[in-house]
Amino acid sequence: QVQLVESGGGLVQAGGSLKVSCAASGGTFSRYALGWFRLAPGKEREFVARISSGGGISHYTDSVKGRFTISRDNDKSTVYLQMNSLKPEDTAVYYCAADPGNVVRTTPSGYAYWGQGTQVTVSS
């Protein structure tokens with residue numbers, strides 16, 4: 001059983017930056033691929049980024065490519081999402097999730113463990 005706890009959300013102006021973190025406990029962190037999803041009011045949960053278990057391969061949704069960077073520190077059992085050039089449409093609750101599989105997944109199904117989320121609000 002893996003527990004995930006996000007932190008680092010907050011309020012930022014458009015064009016600004018924010019880095020959210022997700023700390024894991026209770027499992028072998030390096031065995032899992034990690035993903036970030038977001039949920040905005042009135043919308044479905046959306047894939048943002050994913051990083052492989054070893055950290056060498058990452059994927060992003062098109063709307064964040066070039067602005068967001070996912071990374072992980074397996075020694076600290078933590079995954080990060082660096083968000084630059086933020087836009088009001090990035091406003092959402094951001095969730096991290098752990099996937100024990102190796103197939104790249106961009107939908108919530110297959111991610112076995114989820115954090116409680118952290119709110120990111122971008123003002124215009």
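When reading the values below, keep in mind they use all heavy atoms of this one structure, side chains included, and skip hydrogens, waters and symmetry mates.
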I'd like to know whether Val122 forms a side-chain contact (heavy atoms from CB on, under 4.5 Å) with Gln13, so could you lay out the CA-CA distance, the side-chain angles of the two residues, the decisive distance to 0.1 Å, and finally the verdict. CA-CA 5 Å; Val122 184; Gln13 288 187 334; over 6 Å; no
Within 45° cone of Phe29 ring axis and under 6.0 Å: Arg72 NZ or CZ: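 Yes.
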Less than 4.5 Å apart, side chain to side chain, heavy atoms only: is that true for Asp90 and Phe68?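 Result yes, sub-4.5 Å side-chain heavy-atom pair found.
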Any side-chain heavy atom of His59 sitting closer than 4.5 Å to one from Thr106?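 No, every pair of side-chain atoms sits at 4.5 Å or beyond.
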Heavy-atom donor-acceptor pair, [X] side chain to [Y] backbone, under 3.5 Å:
{"X": "Tyr60", "Y": "Ile70", "answer": "yes"}
{"X": "Gln119", "Y": "Gly9", "answer": "no"}
{"X": "Arg67", "Y": "Ser63", "answer": "yes"}
{"X": "Asp73", "Y": "Lys76", "answer": "yes"}

Could you measure the distance from the [atom1] atom of [X] to the [atom2] atom of [Y]? Nearest 0.5 Å is fine.
{"X": "Ser53", "Y": "Asn74", "atom1": "OG", "atom2": "CG", "answer": "7.5 Å"}
{"X": "Ile51", "Y": "Tyr80", "atom1": "CD1", "atom2": "OH", "answer": "11.0 Å"}
{"X": "Tyr113", "Y": "Cys96", "atom1": "OH", "atom2": "SG", "answer": "13.5 Å"}
{"X": "Ser124", "Y": "Leu86", "atom1": "OG", "atom2": "CG", "answer": "13.0 Å"}
{"X": "Ser25", "Y": "Leu4", "atom1": "OG", "atom2": "CG", "answer": "8.0 Å"}

Can Leu34 be reached from Tyr94 by stepping across I, L, V, M, F, W or Y side chains whose heavy atoms are under 4.5 Å apart?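 Per the 4.5 Å side-chain linkage, Tyr94 and Leu34 are co-clustered.
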Look at the side-chain heavy atoms of Ile, Leu, Val, Met, Phe, Trp and Tyr, link any pair under 4.5 Å apart, and say whether Val79 and Tyr95 land in one connected group.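 No; tracing contacts between hydrophobic side chains, which count when under 4.5 Å, never links both residues.
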Let me have the donor-acceptor pairs involving side chains of residues 15-22, under 3.5 Å, with sequence neighbours excluded, atom names and distances please.
{"unit_1": "Ser17", "atom_1": "OG", "unit_2": "Asn84", "atom_2": "OD1", "d": "2.9"}

Contact summary for Pro100 and Ala98, nearest pair of heavy atoms: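 The answer is CD-O, 3.9 Å.
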Quick one: closest heavy-atom pair of Val93 and Gly117, and the distance?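 Shortest heavy-atom contact: CG1-CA, 3.8 Å.
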Please tabulate, one pair per line, all N/O donor-acceptor pairs under 3.5 Å involving side-chain atoms of residues 40-49, not counting sequence neighbours.
{"unit_1": "Glu46", "atom_1": "OE1", "unit_2": "Arg38", "atom_2": "NE", "d": "2.7"}
{"unit_1": "Glu46", "atom_1": "OE1", "unit_2": "Arg38", "atom_2": "NH2", "d": "3.4"}

Candidate pair Lys65 and Asp62, rule salt bridge (charged side-chain N to carboxylate O under 4.0 Å, His left out), full reasoning: CA-CA 5 Å; Lys65 285 180 180 176; Asp62 286 345; 3.0 Å; yes
Could you tell me whether Ile57 atom CD1 has more than 12 heavy atoms of other residues or ligands within 6.0 Å of it?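 No, because the 6.0 Å sphere around CD1 of Ile57 holds 12 heavy atoms or fewer from other groups.
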Going by atom types only, do Tyr111 and Arg50 share a side-chain donor-acceptor pair under 3.5 Å?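 Yes - a donor-acceptor pair under 3.5 Å links their side chains.
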When you check the side-chain N and O atoms of Glu89 and Thr91, is any donor under 3.5 Å from an acceptor?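 On atom types as modelled, these side chains do not qualify, holding no pair under 3.5 Å.
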Pairs touching residues 24-91 that satisfy disulfide (SG to SG under 2.5 Å), sequence neighbours left out: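 The answer is none; no pair qualifies.
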For the pair Trp36 and Glu6, evaluate side-chain contact (heavy atoms from CB on, under 4.5 Å) and give the outcome as yes or no after the intermediate values. CA-CA 10 Å; Trp36 283 98; Glu6 300 94 336; 3.9 Å; yes
